[in-house]
Novice: 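Quick one: the structure is below, questions incoming.
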Amino acid sequence: MNYTKTLATVLCFTVLSAGCAMADTSFTPLNFDDSNAVKAPATTTSKTVSGVQAKGTDMLDPAQVTGGAKMQDAILQIDNAQVEVRNNLLNYKAKYAEIDARYQSTKAERTAMKKQIQQAGKKIKNLDNAKNKIRKNFERKSNT
């Protein structure tokens, strides 16, 4: 499991760094001296491509890329709100744990009290049965 996580992390970094390397605008290809190269004869073809224009290398303004100050402020406000919500979540979890502990203790007390009530009810029933048996025995002896 740990090996898989490590492999996934390395793969993510590799993909991200490759993407950054490909997106780097300061990349310049190597310039070789063309004087020693063998040149092929030039061929002329009259092929036209309609509707396709070559894309320029127009770069965006850095303020547009980062979103400017307003975008950064909005992100900062969202981060602050997220921290506040996380703090509230921790408070809620603490309160929940406290209430849950009280609930569990109350539940245990309730179960114990229910057992005591059942035991008291059984004792009363046994005493009533014993009292009735004594009365019946007394009535038999008095009738004979």
Novice: For the CD atom of Glu84 and the CG atom of Asn88, what is their distance to the nearest 0.5 Å?
Specialist: 5.5 Å

Novice: Within this structure, what is the CG-NZ distance for the pair Asn126 and Lys123, rounded to the nearest 0.5 Å?
Specialist: 10.0 Å

Novice: Considering only Ile, Leu, Val, Met, Phe, Trp and Tyr, and joining two whenever side-chain heavy atoms are under 4.5 Å apart, list the other residues clustered with Met113.
Specialist: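 Members other than Met113 - counting any ILVMFWY side chain reachable under 4.5 Å - are Ile117.
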
Novice: So how far is it from Lys125 NZ to Asn129 CG, rounded to the nearest 0.5 Å?
Specialist: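 If we round to the nearest 0.5 Å, Lys125:NZ and Asn129:CG are 7.0 Å apart.
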
Novice: Evaluate side chain to side chain contact (heavy atoms under 4.5 Å, CB included) for Val83 paired with Asn87, printing each intermediate quantity in order.
Specialist: CA-CA 6 Å; Val83 168; Asn87 289 336; 3.8 Å; yes

Novice: I need the Glu98 CD to Lys95 NZ distance, nearest 0.5 Å.
Specialist: 9.0 Å

Novice: Under the salt bridge (Lys or Arg N to Asp or Glu O under 4.0 Å) test, which residues partner Arg135, sequence neighbours left out?
Specialist: none

Novice: For the atom pair CZ (Arg102) and CD (Glu109), what is the distance rounded to the nearest 0.5 Å?
Specialist: 12.5 Å

Novice: My understanding is that only residues two or more places apart in sequence, or in another chain, count here; which of them pass side-chain contact (heavy atoms from CB on, under 4.5 Å) with Gln82?
Specialist: Asp79, Arg86

Novice: Nearest 0.5 Å please: distance from the OG1 atom of Thr106 over to the CD1 atom of Ile99.
Specialist: 11.5 Å

